[in-house]
Amino acid sequence: MNTDETRKKKLIRVLSVLIRGHSFLMQHALIIGGGVIGAACAHYLLKSDWRVTIIDRDEFGRGCSHANCGFVCPSHVLPLAMPGAIGQTVRALFRPNSPFSIKPRLEPALWSWLVHFARQCNQADMLEAGRAIQALLNSSRLLYDELFETEKLDAEWETRGLLFVFLTPEGLDHYRHTDELLRQHFGLNATHYDSRQLTDLEPALKPGLAGGFHYQSDAHLRPDKLMTSWRKLLADRGAEVHEHCDFHGFLRHGNQAAAAQTSAGDKTADTFIIATGAWTPRLNIDLGCKIPIQPGKGYSLTMPRPAQCPKIPLIFEEHRVAVTPMQSGYRLGSIMEFAGYDMSLNPRRLDLLRTGASHYLHEPTCQPIIEEWCGLRPMTYDSKPIIGRSPALENVYLAAGHNMLGLSMATATGKLIAETVNHETPHIALEPYSPSRF
Ligand SMILES: Cc1cc2nc3c(=O)[nH]c(=O)nc-3n(C[C@H](O)[C@H](O)[C@H](O)COP(=O)(O)OP(=O)(O)OC[C@H]3O[C@@H](n4cnc5c(N)ncnc54)[C@H](O)[C@@H]3O)c2cc1C
């Protein structure tokens with residue numbers, strides 16, 4: 001963008017601030033996708049005086065952002081691709097009842113994704129991805145604190161940390177290496193608990209477990225409540241939400257998008273934000289770049305709180321089950337299934353959550369089950385999200401591919417998008433997340 005154009009945009013912003021309420025003077029952003037990423041982009045754009053419309057082909061907040069585990073977790077800096085991950089993946093594929101699976105199929109995009117993933121499984125790429133992930137996680141965590149301090153959002157926000165629990169001494173010993181790596185390279189200091197201390201800290205756990213690591217920086221919330229109350233806040237600030245509005249592509253004018261073509265007609269705006277999560281690769285041609293996102297299906301079970309409900313959110317690494325004690329409920333979640341866009345609920349996978357948790361908790365489940373759910377995580381092979389301008393269209397920006405951490409990275413992503421479209425210096429260097437890196 002040349003200096004004249006930047007000046008023009010700045011002048012328009014100044015005028016729109018001066019004449020608040022005169023929406024014809026405000027710049028208009030159309031956000032495609034009403035998940036947590038779209039909501040966060042809307043929030044920070046509204047804060048910088050944009051007019052905002054969100055469209056979703058389904059209902060706002062009903063995609064992957066609906067019933068995930070609700071962790072906002074700066075402890076999760078490590079990408080999936082790391083040394084040793086290929087062996088672990090192959091072994092998991094041949095293990096019955098593994099929480100990780102790939103539905104075998106001849107899909108070039110999946111095989112290309114897997115090959116690139118394998119190439120990333122080395123120390124240097126792991127650390128590089130980890131640093132990029134950490135920048136977003138740390139910024140987001142602070143922004144969530146600010147968000148809950150300054151806004152009336154009812155999302156059951158709690159800051160009790162996250163406790164990694166190990167059943168066996170082998171599991172615990174294996175994790176010690178990860179803990180050391182997190183300490184050395186990322187400055188993450190967990191508190192270690194032995195078997196006895198663990199049950200003192202969290203009496204909902206069974207006695208005789210090997211030990212655990214507590215990351216006190218982490219927090220959690222109830223994702224569906226966040227989405228409901230965020231939507232209300234955005235609407236109160238003037239955002240429009242159009243549901244059941246399917247985006248198909250752009251009407252172009254040179255290297256600009258003039259309008260979004262949708263099932264509800266063409267929608268014009270000054271700027272377009274693509275926040276379509278796992279479905280983003282379907283827009284490859286329009287965006288002028290490859291979007292190597294594979295849908296990674298995960299499951300959750302939501303119940304009332306059991307009588308012996310944990311106080312602290314838990315992760316059982318050896319069984320890959322996460323436990324979220326919410327103020328108004330209780331959730332088990334996890335599983336990673338690469339099965340394309342199939343949204344069917346596999347009862348065997350849901351059982352893995354129940355049986356996995358039963359090794360660790362006095363009361364692993366509670367009746368009645370309120371919701372059995374699956375969601376598609378937008379998985380990139382380098383575990384980094386895709387944030388930045390589309391190479392093909394100057395007024396189209398991407399905010400997608402947040403893998404297993406979309407909730408944890410949402411606020412920083414929203415802020416980055418607002419900074420970028422406003423031509424401000426981004427608070428985090430954007431290069432690692434560039435849409436052109438693939
Ligand atoms: C079991 C499970 C547990 C998880 N736990 C956590 C956790 O504890 N912490 C964490 O940080 N992350 C967690 N995640 C990951 C997190 O849920 C995702 O990273 C995040 O929800 C992605 O947000 P999103 O807004 O990109 O996608 P979504 O929430 O899926 O939103 C994308 C939206 O785009 C819409 N859309 C798609 N295509 C179109 C189109 N063509 N036109 C219009 N609209 C369209 C969809 O309908 C959808 O509403 C978990 C995921 C799962 C499955």
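When a ligand or atom number is given, it counts from 1 through the structure's own listing order. Atoms considered below: every heavy atom in the structure, side chains included; atoms not considered: hydrogens, waters and symmetry mates.
- At a 3.5 angstrom cut-off on N or O pairs, Asn68 counts as close to ligand 1.
- The protein non-hydrogen atom at the shortest distance from atom 32 (C) of ligand 1 is Ala275 O, 3.6 Å.
- Note on ring orientation: taking the six-membered ring where Trp is involved, the planes of His76 and Phe164 are tilted (angle from 30° to 60°).
- Relative to atom 30 (O) of ligand 1, the option among Cys64, Ala39, Cys73 with the closest non-hydrogen atom is Cys64.
- Scanning the protein heavy atoms around atom 33 (C) of ligand 1, the nearest turns out to be Asp56 OD2, 3.5 Å.
- An N or O contact shorter than 3.5 Å links Ser408 to ligand 1 by distance.
- The heavy atom nearest to atom 16 (C) of ligand 1, considering only Gly35, Gly406, Ala410, is found in Gly406.
- Taking every heavy atom of Gly33 and a limit of under 4.0 angstrom, the matching atoms of ligand 1 come to 33 (C), 34 (O), 35 (C).
- Using a 4.0 Å cut-off to heavy atoms of Asn403, the atoms of ligand 1 that qualify are 15 (C), 18 (C), 19 (O).
- Protein heavy atom at the shortest distance from atom 24 (P) of ligand 1 is Ile37 CG1, 3.8 Å.
- Between Trp113 and Phe338, the angle of the ring planes lies from 30° to 60°, which puts this pair in the tilted group.
- Inter-residue side-chain proximity for Asp58 and Glu243 is flagged as unmet; no heavy-atom pair is nearer than 4.5 Å.
- Taking any N or O of Met404, backbone or side chain, at least one lies under 3.5 Å from an N or O belonging to ligand 1.
- Stacking of Arg282 on the aromatic ring of Tyr341 is recorded, both the 6.0 Å distance cut-off and the 45° axial limit being met.
- In this structure, Trp373 has its ring center no closer than 6.0 Å to that of Tyr299.
- Annotation: Leu407 places an N or O atom under 3.5 Å from an N or O atom of ligand 1; distance criterion only.
- Of all protein heavy atoms, the one lying nearest to atom 21 (O) of ligand 1 is Ser65 OG, 2.9 Å.
- The shortest N or O to N or O distance between Asp246 and ligand 1 is below 3.5 Å.
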Begin from the C-alpha positions of His28 and Trp50 and carry the test ring pair (Phe, Tyr, Trp, His ring centres under 6.0 Å) through to its verdict.
CA-CA 6 Å; His28 180 203; Trp50 282 67; 8.7 Å; no

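- Protein heavy atom nearest atom 1 (C) of ligand 1, with residue, atom name and distance: Tyr299 O, 3.4 Å.
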Could you give me the CA-CA distance, side-chain angles and deciding distance for Tyr381 and Phe438, then say whether ring pair (Phe, Tyr, Trp, His ring centres under 6.0 Å) is met?
CA-CA 10 Å; Tyr381 55 71; Phe438 302 110; 5.7 Å; yes

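- For Asp351 and Arg354, the salt-bridge test passes: some basic side-chain N is under 4.0 Å from an acidic carboxylate O.
- A salt bridge does not link Glu337 with Lys103: every distance from a Lys NZ or Arg NE/NH1/NH2 to an Asp or Glu carboxylate oxygen is 4.0 Å or more.
- In terms of N/O distances under 3.5 Å, ligand 1 is not approached by Gly298.
- Of the protein's non-hydrogen atoms, the one nearest atom 39 (C) of ligand 1 is Thr276 CG2, 3.6 Å.
- Taking a cutoff of 4.0 Å between a charged side-chain nitrogen and a carboxylate oxygen, Asp382 and Arg437 qualify as a salt bridge.
- Checking only distances, Val36 does come within under 3.5 Å of ligand 1, N or O to N or O.
- Ring-plane geometry between His177 and His174 is classed as perpendicular, the angle between the planes exceeding 60 degrees on a 0 to 90 degree scale with a lower cut at 30.
- Residues Ser140 and Ala412 share a closest heavy-atom pair of OG-N, 2.9 Å.
- Contact analysis puts Cys245 in contact with ligand 1, with a non-hydrogen atom separation below 4.0 angstrom.
- Residue, atom and distance of the protein heavy atom nearest to atom 42 (N) of ligand 1 are Phe247 N, 2.9 Å.
- When each atom of ligand 1 is checked for a heavy atom of Gly277 under 4.0 Å away, the hits are 26 (O), 27 (O), 32 (C).
- Distances from atom 45 (C) of ligand 1 to the heavy atoms of His66, Arg62, Arg57, His220 put Arg57 nearest.
- Ring geometry, Phe213 versus Tyr175: the interplanar angle falls from 30° to 60°, so the pair is classed tilted.
- A salt bridge does not link Glu158 with Arg222: every distance from a Lys NZ or Arg NE/NH1/NH2 to an Asp or Glu carboxylate oxygen is 4.0 Å or more.
- Close approach of ligand 1 to Gly70 (heavy-atom distance below 4.0 Å) involves ligand atoms 7 (C), 8 (O).
- Residue-level proximity to ligand 1 for Ala278 is absent, since no heavy atom of it falls below 4.0 angstrom.
- At the top of the distance list for atom 9 (N) of ligand 1, counting protein heavy atoms only, stands Phe71 O, 2.8 Å.
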